[in-house]
Every structure is written in C-alpha cells, then in structure tokens.
Amino acid sequence: MKNIRNFCIIAHIDHGKSTLADRLLDATQTVTKRESQAQLLDNMDLERERGITIKSHAIQMDYTAPDGEQYILNLIDTPGHVDFSYEVSRSIAACEGALLIVDAAQSIQAQTISNLYLALENDLEIIPVLNKVDLPSANPEEVTDDIVDLLGCDPSEVIPASAKTGLGIQDILDAIIERVPAPVGDPDEPLQALVFDSQYNQFRGVETIFRVINGSIKKGQHIKFVATGESYYADEIGTLKLNQVPKKEIKAGDVGYLITGIKEAKEVKVGDTITDHAKPTTNPIGGFEDVKPMVFAGIYPVDTEDYEDLRSSMEKLQLNDASLVFQAESSAALGFGFRCGFLGMLHLEIIQERLEREFDMTVITTVPNVSYHAYTHKNPDEILIVNNPSDLPEPSSLNRVEEPYIKATIITKSDFVGNVMSLCIEKRGVVTNQTYLTTERVEMTFDMPLAEIVFDFYDRLKTVSKGYASFDYAPLGMRESKLVRVDILLNAQTVDALSALIHFDNAYTIGKKMVEKLRELIPRQQFDIPVQAAIGAKIIARETIKALRKDVTAKCYGGDISRKRKLLEKQKKGKKRMRQVGNVEIPQQAFMAVLKLND
Amino acid sequence: MSGIYIHIPFCKQACHYCDFHFSTNLKYKKDIIDAICDELRFRESEFKNTTVQTIYLGGGTPSVLEVAEVEKIIQTVFDVYTVSSNPEITLEANPDDLTKEKIVAFSNTRINRLSIGVQSFFEEDLKLMNRAHNAVEAHECIEFAVPYFPNISIDLIYGIPGMSEARWRENLHKAIDLKVPHISSYALTVEDNTALKSFIEKGMIENVDDEVAQEHFQILLDVMQLHGFENYEFSNFSKPGFFSQNNTAYWTGKSYIGIGPSAHSFDGKKRGWNINNNVKYLKAIQAGELPMEIEELTVVDRYNEYIMTGLRTIYGVSLHKIETDFGPNFKEYLLKQAAEYLKDHLLYIDGDTLLVTRKGKFLSDGIASALFMVNLS
C-alpha cells in the first residue's frame, strides 16, 4: 500500500488537463506510441470535439521512480463542467492528492477554486502546476503569486510545466511520489469501497469504478451496495490500464473496476459504498447523494410517428447515463414526448446531440425550465412540484410559487466588475460578497434564481467580461418568487411547448423579445401568422410573420438546374426538421429561441 | 434530337444584377473562339447517334462577336455534327450591338432567331441596371430586326426598384406594338456578389419588394394572355409556334451539350459543367483536356429535377411518366405530398397531369421543394 498514489487533476476547461494526463501516460509507458491518440482519456467523440471531459475516467500507471522503487499511480480524471460537480466531489473523495493545474496565461478560475476547496476539505495534498509556460502570453510570475496567495504554499512548490512540450513532467511525477501520501486503510477490516464512477459497456453491462478504503474485494465475492441495498456477485474485478486487466483481488488503497452483470446504469450510484454481503461494514462512506436533475425540458420527436423509437432510444441512453431521468408527457402542440431532467444545460445539449448522433433521432427540445414549487389557495401547505410550465395552476387558484436559488461565484478581472454586476442584477441576482483576490482579480458572490442561469447566462457572462469571467454555483434551496407564465400564441393558438415561467417584472420585456425572436426564426408561410405573448388572457406583445409572396426563381435554364435542385433539396430537408403545430411550421431551433434572446 | 449551347463569355460592360459568367476584358476573344471550336470537335462522339435540332449562342453577350466569328462557330457545328434540316439557331444580342448593318449581316448567316436583351424601354430602369444601351436603341433595334427575323424574342425585367405598375404595363405594350412573338420576362433578382446587392446593402438603391414583383407578375400574366401569348414556362411567353425549342429541351429532360467556359451539359443521366474561368478554360482546352466536372444523377435526383422543371411548364408533371419512369411508389409519394397543395388550390390535376395553378405560380419553387424526395442523413 505504501507504493500506491491516488490522485486527481483539478483544472479549468482548456487549462490543459487532458493533455497533461496524456503526457503522464506517455512518461510511465502506460500507452505505446501506436495507441497514442490525442486526449486519450476523453473517450466520447463529443468530448474530443468539445475539448472537455464529460465523463470521468480512471487509469492506472506503473511507475519506476529514478531510485528504482516501483509505484502504482492511480489517476482519477474528473469531469470539467459545473453540471457534474457531484461526480467531481466523489472522485476527489477517492484520492489522497490533487494536481492543481493552472494556465499560466489565464490564472485561476472560479470552478477551479470551488473544486480546490472540495479537495482541501477532503485533506488532499495539493501539487500546484503552472501549465502552458511555453505560451508567449504566459505570465508565470504573476500567476505563481496568485497560486501562492490562494494555497498559502511556498513559490518553490509550484511546478512550471508545459503539457505540450513535456516540460516539468518528471518534476510532477517526483512530486506525486514525494508529496502525495500513500493511502491508509486496514486490509483486514470488512470491505468498504467508494463508487466514484461507472461506465456502460454494451456487452458487459455496467462497469463500476471504485476505490477500496478498507478490506479487499475478491473475484466471486458476494457483495452489497449500501445505498441501493442490492447484492451481487463480483463476476470480474481488475485494474484499469489502457485496457482492463482482470485481477483476483483488489486491496485497500487501490482502485479498480467491477463487473456484476448489472444491466442498467441507474442501479449503480456514484458515491455509494460497496461492502461484503455477509460481513457488511458498519461504516458506509459519507457524502452520498442521490443526484437530482436541475433543469427540465420536453423532448419530442419531430415526426409524431417516431415516438416509440424515441422512447427506446431514451431508455438506451439511460442505460449508460444514470443522471438522465424522463417520463412520458403529452403536449397539446407537440403530441407525445418526454419530460426530461438534466444535471444542467450542458447535460441537456449532450443528450440532445447523442440522440441525434447515436440514435439518428430528430427531436425538438422545448424551453428548458427548473423545478418549481407551487401552492394553491386550497392547500397552501401542500407542495405541488412543477417541472413543466403548463402544469402551473391557474393564477386564480395559485397561492404562491417558489423557485430554486443558487449561490453563484464569479471570478473576473476588476475591469469587468461593473459589467458582471449589471448582468447579475438584470438576472435578479443579489450581491452577497465581493473580494479582491489580487489587485486584478475579483471574486463576487450572488444569490440568484437558478432559472436565470438557464436563460442565456453563460454566453452573456462571457460577452460582458470578454471571456475573463469564470462561474460556479451551489444550490441554496427554494425561495418565493413572483412568477407568471408567459404563453406564446401562433396564429391565435397557444403553443404550450413555448410557455415559460418568468418573473413578473421581466415578463413584458421577455415576452416582447420572445415574439421578435420567433418572427425571425419561423419561416414565412402562405398566410400572415400573428405571434403573440400572453399572460393568462392578456396579450402583452405581438408581431406578424408576413405571408410569403414570392418563392420562385426567375430563371431555370440548362446551367441552373443542378444548383437549383440542390437548393430546393436543402429547403425540403429543413422543412422535414420542422414541426407542424396547427397550420404553422416551426423549426427546431425556435423552441429554444427564448434561450438566445439577446443574440 | 439534341441541342448545343455555346457560351460566349464576354460583355461590353457589367450589368449590376448579373451573376452569369462573363468577362469585360476582350483580350482572349479570339483564343476563346478557337477553343470553343476545339471543344466542339473534342466532343463529337457525344452526339454520334443523334441529330442537332437547336444551336444556341448565349452569354455573356454573343453579339459582341464579329459576324465572321459567329459564322465560324456555327460552321464548326455543321462540320462536326449532324444538324437537322430545319434547326433553330438562336443568337443572344444586346441592343447596342444591333446596328442595322449587323442585323442584316446576321440575317445572312444561318442564325434564324434573335433573343434581344432589352430588359426595359425606359431610361431610368436601364441606368439603374447599368445596361449598355439606352431606351432609343432598345426601341430602334427591334424595329429594324423584326422584318429580318420573324422569330424574335426579347427579355423584359419587372420588379425594378422605382418601376411603377403603369411603367411595367407600358413596357409590355411597347413589346406587343413592336410585334415581338416571344417574351422572356424575369423578376429582378438580387444575387450574391453583384453590384446590385452591394448598392442595396449600402442603401444606395431601394431593395426589391416581393409584393411589387408579385403585382407585376399578375399584370404580366393578364397582358400576355390578352394578346394571345402562352405562358409556356414560368418566365416565358410565346405566340403559337414560337416556343424556344432550345430552352424547352432543358425543361423536358432532353440532352444537350454545353460548350465554352461555365457551360452545362446533360446526357439524360449525368450533368456536367465546364470551369467558369476564361483563362483556365483556355489552358485546359489548349492542353487537350475538357475542364468539366461531372455529377451522376440518382433516380431520386432525376425525379426531383423532373418535378422542379415540369411544374414550371405548361407540360406539368405527368403522373403516368412518374409511374413508368420512376415506379408506383414515386407516384404514391408524389400524390401524398401534393395533397395539401391540391386542397389549397396551388396545384391541380388535369387528366394525368399535375400542374401549378395561377395562384401557385409565384410560389412554385416552394411547392416543388415540398414534393421532392430527400434523405435527412
């Protein structure tokens, strides 16, 4: 056990985490040159394209130190987005040390800090790494100062590195051996292992990734998951190299995978404790939470006939993404579909993209919303959970509504404090704290409604801060709010899928922007289409999509035929992706229009 | 029966709305004519078993050529290909080139049809579009030409910013008074990368207005019908017996060879297009190569093209032809897609033929697109 080191990497998106991980794999010869593929740990195509880690991964390296001593290094990669902060917390709990990677040009970002605090709470040894020092824009002295201020460490502890060129990689390996403590644990106690990840393999079912805290797990052992209460036999256990390597036993302090024939991802909960069925631990690992969806949206097939296909696709997606929840619902405008819960907006986008790519489904996603609590006059104490704006009781019977609030932390350059402040206030935020981390960098905290984060917050934050703002949040609970439902009428018909709950003070402005945006996005048809926003029976905004008068090109001679055919084919494809509601054809993106009101 | 289109890629000056391929630099004129004749010879085998029924010199502005140069090209066609005994041979011409002498000289060649780019009889319109001729030339050249060329067509553009309905009517009446038997009439279209587009974007010229264009089109349909012209293709109107045979071939799926830079060819299954650059075209031909890109049409492509072109013409789309050429499932699909348009009176069925109603004409691309077959992935 004394030669095992378990560590994770804390970094902001783009600060070079995945590239650095790749360098460590090279340096320890965990991958051969032939297997090397940029950003090895990001398995999903989506992850490589977006340059972010969506799922966390773990990999074991065998490392011979310069003094000849053999070590086992377990690198536990962590997801890089706030939507997945619970998964990050469980990965951190499985480690004794963390590499804190900071971009030498961009310095420390909000999310890095919150993950760093998580790591410090878990008593992790922090190894600060100043990455990308080879960049011309790097500012190593100042950023080193920032790190020293933040950690209270000695400047000499900060390792200058470049994952791109390989600079500092040996120093990092040395520091992992010297500074990260070896795991402590009693191999003779009853099994106590932390589930920090799971992945789905279509042939082998769910693979549970765990860290043994005490005791050991053996092949064939009868085991039990404490939180779910389910028991299984450990059909296969092993360690995670680039490929899985089956083992007979994984002992206290080490990391491994487990296959039990579990078919559905939701049976394995990240944060759960694995123990022995006959001789269970009396001490399950703390910090377990059932992950709750934060954002809800309807997902509907563009073609109503594809409803059953969509259901089976969603079920398959859920097999490997336990955080996706859904239930059937129906919409007057869109027919049958599903109300889905997501961890956040990124998660929503991922699901939508995976449905299109992996399952070839063309879907409409409705305006996303958070989960509200409504109370009626009849039962003023009974919570009515509203995950769909259409389910909000009529204003006359409605006593009050509560919405989820968050504590938002934003770090930005002092130049942009005013801009960020205005944005957050516009988003109904209340400043609770403002601290200068350095003379240049300011940390601000706000209490804000979660719903406001869903509506075009990230993009605007980036814009108002010219990219120099990072953002993180944590839930604060429910608070009463003056919310109204703004409905959209197309051709005098309410389209329920476009309804949104909006604070009364903003309802007129947002209603107006919504109808303007829809006028832009809905193509002209053969008749005038009125677009209206309404609160109850009251119309608060109106635009008209004028009828299409001319839809024909004047010339169609020999040279025009091919080009024109392709143009009309493209038009037809676009139309196939539209959804007919009443006699109006609505393109997919119009349903998400309210998220991009300021574009 | 097949057609030959020959593209003459030169113009005296650039019209503000035009996005066709042409050059105002006449330096390579002689070389291009030689290359065109070479290309005609290269491609002899393509029309081995067929007779050439139509020859069309388009552009650009073919009338910038000397009469002898035009003759040389026509002679080459006759030398290389089998030409029918009564071919339609059209020359596109601009009024400023058509002096009385040149008209007489052209009439002594084998050219038997003129297509004159009049566009408007009004100075304001001609200036706005940067045409090379003026209103007087527009009028006079037709007066001169009609006795020499019984088969004559003129182009007229409507929906020009600032053009009133009255002025548009007057344009049409001038053409009728001049006894022109064929009119091609186009809505002014703002194409990308044209001077017109940039002037509109800069606010120097008012944008075209679809509603105005639609009103002008209704006037066009009414006036033409009243004077015995048949609207045989969306933009083409003809007295009986004066349909453009060359252009009708495009809309009825006949094969044709396109010669010269940017010219398109079609053999019934493949479409090809020559490079749209004079120098590159020259170099390729001089090196003995045909600078052509080729696209093979699938069954679905051919179905879509038939729908698209058929709906523009008085021939419409034959349901029988759809069934025999493409299969019963195509016919079934077509009728299913057409249902809502039939209901809205934008399409109608006459016996075996699917046609666009008068109400549907100005929307016919959107309708054709809706009847297309496409694959989403």
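Hydrogens, waters and symmetry mates are skipped; everything else that's a heavy atom, side chains included, is used.
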>> Less than 4.5 Å apart, side chain to side chain, heavy atoms only: is that true for Phe234(B) and Phe217(B)?
In response: yes
> Does the side chain of Val363(A) come within less than 4.5 Å of Glu356(A)'s, by heavy atoms?
Replying inline: yes
> Which is it for Glu569(A) and Lys573(A) under the salt bridge (Lys or Arg N to Asp or Glu O under 4.0 Å) test, yes or no, and what are the steps along the way?
Replying inline: CA-CA 6 Å; Glu569(A) 281 171 353; Lys573(A) 281 184 191 175; over 6 Å; no
> Ignoring hydrogens and geometry, is there a side-chain-to-backbone donor-acceptor pair from Asp301(B) to Thr298(B) under 3.5 Å?
Replying inline: yes
> Quick check: does any side chain N or O of Thr366(A) sit under 3.5 Å from a backbone N or O of Ala497(A), one acting as donor and the other as acceptor?
Replying inline: no
Give, as side chain, backbone, both or neither, the part of [X] having an atom under 4.5 angstrom from any heavy atom of chain A.
X	answer
Ser265(B)	neither
Gln337(B)	side chain
Phe266(B)	neither
Asn246(B)	neither
Thr309(B)	side chain
Ile157(B)	neither
Ala213(B)	side chain
Leu346(B)	side chain
Gln214(B)	side chain
Glu340(B)	neither

>> Pairing donors with acceptors under 3.5 angstrom, does anything connect the side chains of Asp528(A) and Thr544(A)?
In response: no
> What pair of heavy atoms forms the shortest contact from Leu371(B) to Tyr303(B), and how long is it?
Replying inline: O-OH, 2.9 Å
> Which bit of Lys575(A) comes within less than 4.5 Å of chain B, counting heavy atoms only: side chain, backbone, both or neither?
Replying inline: side chain
> Quick one: what part of Lys566(A) sits under 4.5 Å from any heavy atom of chain B, side chain, backbone, both or neither?
Replying inline: side chain
>> Which one wins on heavy-atom pair count under 4.5 Å against chain B: Lys570(A), Arg549(A), Gln571(A)?
In response: Arg549(A)
>> Quick check on the interface: out of Thr553(A), Asp560(A), Leu567(A), who has the most heavy-atom pairs with chain B under 4.5 Å?
In response: Thr553(A)
> From Glu233(B) CD over to Thr313(B) OG1, what is the distance, rounded to the nearest 0.5 angstrom?
Replying inline: 7.5 Å
> Rounded to the nearest 0.5 Å, how far apart are CE of Met224(B) and CG of Asn236(B)?
Replying inline: 11.5 Å
Looking at [options], which makes the most heavy-atom pairs under 4.5 Å with chain A?
options	value
Asn247(B), Asp344(B), Thr189(B)	Asn247(B)
His7(B), Arg312(B), Glu305(B)	Arg312(B)
Ala368(B), Ala187(B), Ala370(B)	Ala370(B)

> Between Val212(B) and Met163(B), is a side-chain contact (heavy atoms from CB on, under 4.5 Å) present by the stated rule, with each step listed?
Replying inline: CA-CA 9 Å; Val212(B) 170; Met163(B) 179 189 251; over 6 Å; no
>> Are there over 12 heavy-atom neighbours, none belonging to Lys359(B), within less than 6.0 Å of that residue's NZ?
In response: yes
